[in-house]
Amino acid sequence: MTASTAGFATIRQSDGHDPSGGSAARWGIVAAIAASVGWLLLSGTAVAQESASGFSLRLVGTFRTDNPNAHLAAPVMAGGRLLLLTPFPHRLTALRLGPEGLHPEWRFTPETDRMAEGTACCGLGVRSPAVAGGRAFLNTADGRTIALDAASGTKIWEMRTADRGSGESLASSPLPVGDKVLIGNAGDDFGVRGWLKALDATSGATLWTRYSTGPDEDVGIGPDFAPFYKIARGRDLGAATWPPGAWERGGGSVSGPLMADTGLGLVFHGTGRPAPLNPDQRPGENRWTSGLFARDLATGAARWFYQLAPHDQHGVSGTGPLILADRDWKGRARKLLIHVGLNGHVYVLDRISGELLSAEAFAPVNAFRGGAAASGAIAVAQEKATRVGATTRDVCPAWTGATSSEGAALSAETGLLFIAAARLCMDIEIRPANYIRGTPYLGANVRVKGPPEGGAGELVAWRLDDARPAWTVSEPYPLLGGPLWHPRGFVIYGTLDGWLKALDARDGRLVWQQRLASGVVSAPMLVRGADGAEYVTVLAGRGGAAGPAAGLEADLRDATAARGFGNLLRGLSAEAQPGGTLYLFALP
Amino acid sequence: MSAASSPPLDIDIRHEELDGRLAETWRTRPGFWGALATVDHKVIGRRYIATAFVFLILGGILALAMRWQLARPEGRLVSPDLYNQIFTMHGANMMFLFAVPVMEAMAVYLVPLMLGTRNIAFPRLNAFSYWIYLAGGILLWVSFALNMGPDIGWFGYVPLSGPQFSPGKRADIWAQMITFTEIAALAVAVEIVVTVFKQRAPGMTLDRIPLFVWAMLVTSFLVMLAMPAIMVASTSLILDRLVGTHFYNPAEGGDVLLWQHLFWFFGHPEVYIIFLPATGMISSMLPAFVRRPVFGYLPLVLSMVTIGILSFGLWVHHMFTTGLPRLGESFFTASSMAIAVPAGVQIFCWIATIWDGRPVYRTPFLFILAFFFTFVLGGMTGVMVASVPLDTQVHDTYFVVAHFHYVLIGGAVFPLMAAIYFWYPKMVGRMMSERIGRWVAGLTFVGFNLAFFPMHILGLQGMPRRIYTYQTDVPWSGLNLFVSLSTVILAAGFLLFFIDAVRSARRGEPAGENPWGAPSLEWATTSPPPPYNFARIPVVTGRNPLWDERGDMPVASGLRVDRRELLITSVADAIPEARDSSPRDSIWPFWAAIATSAMLIGSIFSPWAVVWGSIPVAITLVGWFWPKGTPEDDA
Amino acid sequence: MRAVAIAGLAALLAAGCQREERDLRLDPPVTAALDQVAPMANAVGGAPPDVLGALGEPYEGNAYNLSEGKRLYSWFNCKGCHADGGGASGPALLDGWWRYGSDPVSLFVTLRDGRQNGMPAYGDKLTTEQIWQLVGYLRTVGVSSASFAAPSRNDEMQSRPAENRAPASAELGTPPSR
Amino acid sequence: MRPHPRLAAAALLPLLTGCTGPQSALDPQGPNAASLAWLIWTFTAVCGLVWLLVLLTVGIALWRRRASSGAADEPLRPESATERRKQGVVIGAVVATVLIIATLTLMSFVATRSLTASSGEPLTVRLRGYQWWWEVTYTADSPDRFVTAANEIRVPVGRPVRLELSSGDVIHSFWVPSLAGKQDMIPGRDNVLTFTAERPGSYRAQCAEFCGMQHARMALVVIAMAAPEFESWLDAQRQPAAEPADEEQEAGRQVATGKACAACHTIRGTRAAGTVGPDLTHVGSRQTIAAGTLPTTRGALGAWIADPQTVKPGNKMPMVPLSADELRAVSAYMAGLK
């Protein structure tokens with residue numbers, strides 16, 4: 001460690017390739033060189049990498065997916081194999097990894113419903129499969145949940161869990177817990193009604209379904225429900241805080257991560273934004289959307305709920321990263337739930353009671369005023385309130401969120417939370433939304449843009465205890481993937497313009513970077529190979545929340561293209577091509 | 001002026017010879033091209049007036065179509081689409097192509113004569129103005145004939161007239177038609193101001209200017225101050241529609257009420273642009289029919305100036321229902337009511353003039369009496385609509401339709417009819433029929449009041465404006481039928497008027513120089529006047545030159561006869577300052593108007609037309625101002 | 001010069017007649033005939049209904065029909081997938097190069113029957129006339145030379161040049177806040 | 001166009017019809033309209049009197065006897081003494097004018113003040129104008145008790161109604177002359193109109209700002225009901241759509257939710273949830289359809305659905321091809337949505 005620290009010092013003096021520290025002009029030149037190198041890499045003949053410290057990840061293998069969509073699903077390990085789920089139309093490939101690289105062992109190609117391309121969320125990407133008890137569980141964008149034998153790839157069961165015809169899809173990873181598999185749906189853009197389902201892990205039968213809107217019975221609110229804040233108490237609030245019938249198509253999807261605490265017997269999940277984006281069409285607090293639920297693992301009954309944005313006007317949902325941590329908080333040992341909000345705040349809650357302990361902004365935020373921790377509810381800044389038929393300008397964060405659902409990693413011993421941040425603002429104009437089943441139910445025109453001071457992305461090292469950044473590293477494009485923190489003291493993350501970077505976890509100095517074939521919208525993973533060595537896998541392949549703006553199909557002359565990302569990403573297409581490649585790096 | 005080749009001056013020439021020499025210098029060349037090239041203010045004025053009356057007839061036919069449609073509930077004469085075009089055309093045509101131009105046209109004809117000068121200032125601009133006006137009118141009417149007529153109301157409120165809700169080019173044609181007429185009106189306004197200030201007969205000090213001229217002077221200033229607002233508005237509308245700017249798009253920071261402010265900042269003075277000349281006409285005609293000078297010259301002038309100034313302070317009373325701040329609305333109530341005071345001063349002065357005059361009941365005087373009856377009523381309803389709370393009930397209803405027709409027909413068209421009967425002999429040389437004239441006055445007066453008075457009641461009964469039909473469940477059918485039938489009487493009156501005007505041009509009794517025994521200078525020359533107006537420039541010693549000078553009038557002389565020259569006098573006291581040349585006939589204003597029209601019409605379709613279209617405009621302007629080596633063209 | 005100007009004006013005005021007509025109601029037999037497209041076997045391209053020609057191609061250059069198409073585009077949520085032609089979960093339309101053909105018949109079939117990769121069928125949500133209006137409008141989105149009849153901007157947020165400004169010929173702006 | 005005897009009779013009695021009618025400013029049914037009507041009558045009286053005085057003076061000026069002096073045609077030369085005397089009279093008349101004007105201005109100012117003041121907890125109703133219909137949303141303390149309807153406003157008698165006016169496309173203007181003066185509905189702006197109905201009844205209202213092709217057919221009815229009746233009506237409106245009463249209506253529901261209707265209209269309780277057209281959940285309970293164009297009868301519904309572009313040319317509802325049976329069924333279903 002000492003040696004590499006010395007290496008860092010030499011970087012700062014000799015190297016002009018540091019994008020965060022260098023001037024814009026220098027960065028531009030480097031980008032141009034790197035782009036041409038990236039092209040070489042695509043043809044598989046050369047690798048560009050830069051390191052002045054001696055720290056270096058060694059590329060040991062690549063695997064091309066031949067899929068142009070958003071590669072959100074980092075591969076998972078199952079019995080010495082890497083299971084790689086490529087975007088829709090899906091294929092699950094089991095790769096054996098070792099010092100000699102990646103070798104496909106078997107493939108599983110589920111049946112596909114091509115019509116799902118029109119309705120599937122998130123650039124047709126689905127988060128990683130989950131492995132438990134020798135079985136792999138995967139969600140597909142066309143609404144199936146499938147259980148496979150993790151060793152052979154034999155299908156055990158397959159269930160249509162989401163109704164594709166209404167615009168529903170699956171986007172998040174399944175969560176196997178005990179004899180159950182929990183899944184959540186996606187489709188806020190189509191006005192679906194969010195739910196969390198428990199499937200029987202053996203048969204795939206639905207055990208229970210808990211909705212995010214509607215009467216208490218549907219939501220799973222019963223006598224055990226004890227929210228910390230009074231505002232969430234009342235009868236049938238999931239229907240009473242909506243105009244008649246609006247909750248039936250009110251969004252609140254469970255498209256973010258699911259996090260279980262088996263000790264407490266709880267599962268935590270966020271709920272998506274209310275649908276449509278037009279807040280005028282859904283007066284009221286729109287419970288239980290844009291919030292966090294704690295539910296009983298066994299029954300799905302709600303324990304507590306914290307609403308991040310009552311009557312969400314800006315479309316920032318509650319589906320950000322969730323991290324469980326047992327830490328000392330203000331001198332008291334507490335079981336914490338850390339939620340890195342898409343609304344640009346790090347929320348720290350007591351995960352037993354649902355009490356909010358802290359909520360501070362890690363990204364540019366002007367849509368809300370502070371003070372959430374005191375009152376339990378965030379206040380909308382009046383000058384950034386949205387209005388029908390008028391454009392509210394420079395609202396931060398953008399509705400695409402200040403991070404992504406795998407966008408944070410916690411270093412428990414140092415108390416540093418690493419956040420892959422999207423420092424985005426938007427111009428938003430509220431329009432009437434028409435509900436036609438199976439078609440988008442949006443109700444807004446949005447142009448997404450970076451903050452005026454530049455730097456649309458940022459890697460934030462957040463000090464959990466005093467709720468402020470320790471250091472930040474600026475990036476030209478929003479970070480849509482996630483960071484990997486390695487106990488040896490570095491952080492690895494990929495960028496939308498195709499760089500894989502390693503930083504010193506203490507001060508954020510760049511220690512190594514490498515150009516990849518495409519942008520990265522997933523988190524790098526640390527895996528242990530069959531040989532016992534540690535490897536880092538990185539899945540490149542643009543897309544994701546940026547949708548096709550980061551891919552081929554969008555025409556960026558339209559500022560509202562690709563959920564408004566078109567406006568931001570003009571100029572990106574020259575720098576990194578879509579298409580998926582899995583990289584396997586050996587640690588030094 | 002070297003003594004060696006001394007130019008021929010009028011003092012050197014015998015009177016009998018002088019007319020011939022001047023006529024040779026000032027005449028319009030015969031033939032088609034000569035007619036296109038003329039810059040004689042009388043020829044252009046006559047054309048202007050005749051064209052405006054043609055538009056009056058066309059607009060009137062549209063009015064009859066609307067009345068036919070509305071005579072019964074659920075009328076099916078025209079489709080809603082066509083009805084909306086018709087009422088838009090009626091309003092736009094009457095305001096932009098008839099009322100304003102006809103008043104300016106009367107001024108183009110009369111002002112130089114009343115001031116004792118030989119031509120209007122900037123005569124080529126005057127010719128250009130007419131051609132542009134004609135082109136604008138043709139654009140509008142040809143579009144209407146091709147089912148491209150504007151259907152957005154003469155007020156063209158955004159967003160209805162904007163890019164999203166008015167597909168096609170209908171609204172653009174309306175907006176560009178405004179540009180045409182405003183260019184024409186601004187040109188005339190500039191000419192009149194300069195003519196009044198610099199070309200008055202010697203001795204015609206400011207307090208001796210005929211009241212019609214005063215009215216036109218104030219009007220011209222109103223035109224110059226008000227018209228730019230509508231040109232800005234209509235141009236930004238075209239930009240919104242064509243280029244995609246966001247002047248009126250609230251979603252991108254524009255404001256739809258901006259349009260209303262701009263439009264009514266023009267639109268209200270517009271009413272006075274029409275009405276002030278009419279009051280000037282009354283003041284100028286009345287003395288001839290009560291056989292005494294007008295009472296209260298100074299108060300009359302001051303009240304016209306006051307009206308002119310106040311007219312810019314009350315545009316918001318067209319927007320009382322838009323939800324503006326209450327305090328602001330109260331201010332505009334006060335100012336709207338206040339304008340009744342100068343209007344009242346005028347009425348009182350005229351009554352005082354009649355009081356001890358000796359009324360001569362000829363046709364123009366009958367129209368003046370009709371004016372009193374209708375205009376005062378219109379003024380009273382004007383006071384009513386100026387009240388914010390009251391306006392919330394009558395705004396955009398037939399009450400307002402009745403009100404402004406009382407003001408515009410009663411306050412402007414009746415005086416105009418009087419003026420036509422009064423000055424027709426001067427323009428044509430023959431009298432119009434007195435017998436038919438009495439019928440015309442009677443029919444129009446009775447027909448007008450029967451047709452428009454019930455509209456007050458209809459408005460209070462809840463009938464909104466601009467509806468193409470109404471249903472049987474509202475009790476408006478009886479009055480509407482009555483109104484529609486009465487329109488026939490009004491139309492008959494106008495028909496008789498036009499028949500008489502055409503007939504009298506050939507067969508009317510010869511008029512002589514001054515058939516009414518009127519006091520102002522235009523009656524001091526032959527009817528119709530020669531191309532040079534006055535053989536020798538009169539010298540004025542009083543407000544009523546033809547009454548004040550019992551014998552021969554004094555004249556000024558010393559102008560050249562071999563080129564067009566007129567006398568420049570000082571602004572206040574009209575002391576001769578210089579001889580100035582007046583431009584000769586030229587075909588270039590006509591070409592310039594064609595080129596400008598092409599550019600303006602093209603710019604409806606492509607912004608690049610402004611660029612490419614300005615090339616021919618530049619060429620024609622070069623032709624227009626090309627120095628010919630003669631001093632008069634260099635001037 | 002005058003002759004040219006007059007001829008040009010006459011041509012413009014003649015075009016105006018057709019461009020400005022507002023045919024608000026088609027007789028049911030005409031509507032039924034408008035539905036009779038004969039697509040090729042792969043549902044791309046084919047013969048348009050004869051009645052289109054007889055009506056004078058009302059969905060190509062008629063400003064009213066095109067603006068109605070633009071209204072339907074946002075009323076029926078086309079925007080949600082295709083944005084203002086830039087695309088989102090659906091492909092972009094601005095480039096005028098479309099997966100299932102950009103000729104009227106292909107478009108009509110795409111809208112009415114849907115397409116296999118996610119384009120929903122609108123045959124049960126729109127009438128035949130409305131589908132044709134949308135077809136006409138869509139064909140103004142992906143062109144690089146604008147027609148006079150193409151719609152202008154809506155009273156909405158600015159996203160790209162309006163259809164009458166030939167959006168497909170627009171330059172790509174520079175990325176903001178770099 | 002056969003002449004109608006009643007119309008002819010009405011034409012002879014224009015003044016008698018002036019004061020009544022479902023949409024008359026002079027037939028006030030609430031305090032606002034009443035004070036406005038009083039203002040109208042006062043202004044009319046004052047202005048009419050002034051007008052008569054002016055005309056009388058003109059008449060006297062014309063016909064008063066004059067001392068004949070000089071030749072008939074010779075212009076008079078005014079004497080300074082009479083001119084001065086007249087000057088005094090004119091000045092007096094101007095002063096009188098100023099006083100009258102000032103009084104009227106003050107009256108109108110006071111009336112404005114009194115109109116904006118209201119007492120009691122108002123019922124807040126959101127009214128949004130579209131080409132060419134009205135969306136009416138009754139607010140409540142809780143959003144699930146909101147009711148969205150169209151083209152008809154029901155209000156309780158005696159309770160102030162606060163209308164929040166907005167527009168979804170172009171400028172409209174809401175005007176119910178029997179209850180209040182008009183107020184514009186302007187895109188990008190929020191206007192408010194407050195009024196109270198004093199007597200039960202139905203009062204016609206109409207769009208008063210030109211808003212395009214069907215400006216003439218953009219009316220609605222304001223129905224004032226006794227407060228308890230109103231509350232029970234509102235409760236009924238909160239319910240989802242009525243279940244079909246028979247097989248025909250059931251078939252009609254299939255058509256309404258399966259055909260193009262559902263893409264634009266909401267029928268709460270069914271799959272139809274379109275929002276660009278009027279909410280039809282309780283369309284059968286409304287007095288009129290198509291913004292005051294036709295009475296809500298099964299026959300009128302059938303005619304309207306069969307051919308909306310002939311009934312109201314240019315409106316945004318297309319002619320959806322339906323078979324005769326489907327048309328019968330769907331109009332029966334709609335008429336049954338009480």
Side-chain angles (χ1 to χ4, degrees), chain B residues 72 79-81 84 153 157 159-160 165 250 256 291-292 295 321-323 326 330 333-334 337 340-341 344-345 347-349 351-352 354-356 359 372-373 376-377 380 383-384 387-390 392-393 395-396 454 457 460-462 464 466-469 474-475 477-479 481-482 517 547, chain D residues 1 7 10-11 14 17-18 21 23-26 36 39-40 43 47 50-51 54-55 57-58 61-62 73 75-76 78 82 86 90 93-94 97-98 101 104-105 108-109 111-112 115 169-171 173 177 181-184 186-189 191 206 208-216 313-314:
Chain B
R72 301 283 312 276
S79 70
D81 187 29
N84 292 345
Y157 273 10
L160 184 62
F165 297 100
V256 296
R291 309 308 305 159
R292 57 149 289 166
F295 173 87
T321 62
T322 56
R326 291 273 173 233
S330 300
T333 293
M337 294 221 180
V341 176
V345 169
I347 301 277
F348 300 142
C349 285
I351 294 176
I354 298 173
W355 190 263
D356 51 12
F372 276 114
F373 184 93
V376 175
L377 185 58
M380 290 303 147
V383 168
M384 294 172 77
S387 156
V388 176
L390 213 157
T392 61
Q393 281 288 27
H395 178 71
D396 271 341
I457 300 162
L460 291 172
Q461 275 182 310
R466 301 157 188 153
I467 53 172
Y468 76 92
T469 191
V474 280
S477 49
L479 278 180
L481 183 62
F482 180 80
W547 287 355
Chain D
M1 291 247 183
L7 298 184
T17 59
Q23 191 171 327
S24 172
L26 298 178
L36 289 176
L39 204 64
I40 291 172
F43 267 64
C47 293
V50 172
W51 178 65
V54 170
L55 286 192
T57 323
V58 173
L62 288 174
D73 206 30
L76 296 164
T82 51
K86 282 198 298 190
V90 167
V94 172
T97 311
V98 171
I101 293 295
L104 293 179
T105 308
S108 115
F109 183 67
T112 312
L115 288 183
D169 36 46
V170 302
I171 301 178
S173 186
K182 60 184 74 63
Q183 188 68 257
D184 289 356
I186 301 174
R189 280 178 182 262
N191 278 340
Q206 193 161 0
E209 184 60 82
F210 180 62
C211 56
M213 202 177 306
Q214 281 297 340
H215 169 53

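The sequence lines fix the lettering, A, B, ..., with proteins before strands; numbering per chain opens at 1. All values below were derived from every heavy atom in this structure, side-chain atoms included, with hydrogens, water molecules and symmetry-related copies excluded.
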As an exercise, state the distance from CZ of Arg466(B) to SG of Cys211(D), rounded to the nearest 0.5 Å. 11.0 Å

So for [X], is it side chain, backbone, both, or neither that comes closer than 4.5 Å to the heavy atoms of chain B?
X: Phe109(D); result: side chain
X: Gln206(D); result: side chain
X: Leu104(D); result: both
X: Ile186(D); result: side chain
X: Leu55(D); result: side chain

Going by side chain to side chain contact (heavy atoms under 4.5 Å, CB included), Val58(D) matches just one of Ile351(B), Val376(B), Ile347(B). Which one? Ile351(B)

Considering only heavy atoms from C-beta outward, does the side chain of [X] approach that of [Y] to under 4.5 Å?
X: Ile40(D); Y: Leu460(B); value: yes
X: Pro80(B); Y: Gln214(D); value: yes
X: Phe43(D); Y: Met380(B); value: no
X: Glu209(D); Y: Asp396(B); value: yes
X: Thr97(D); Y: Phe348(B); value: yes
X: Thr57(D); Y: Trp355(B); value: yes
X: Ile354(B); Y: Leu62(D); value: yes
X: Asp169(D); Y: Pro159(B); value: no

Would a distance-only check, ignoring hydrogens and angles, find a side-chain to backbone donor-acceptor pair under 3.5 Å from [X] to [Y]?
X: Asp184(D); Y: Gly323(B); value: no
X: Gln461(B); Y: Ser24(D); value: no
X: Lys182(D); Y: Thr321(B); value: no
X: Trp51(D); Y: Phe373(B); value: yes

How far apart are the C-alpha atoms of Ile467(B) and His215(D), what are their side-chain angles, what is the distance that settles it, and do they pass the side-chain contact (heavy atoms from CB on, under 4.5 Å) test? CA-CA 6 Å; Ile467(B) 53 172; His215(D) 169 53; 3.8 Å; yes

Tell me which of these, Ala93(D), Gly314(D), Gly188(D), Ser173(D), has more heavy-atom pairs under 4.5 Å with chain B than the rest.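 The answer is Ala93(D).
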
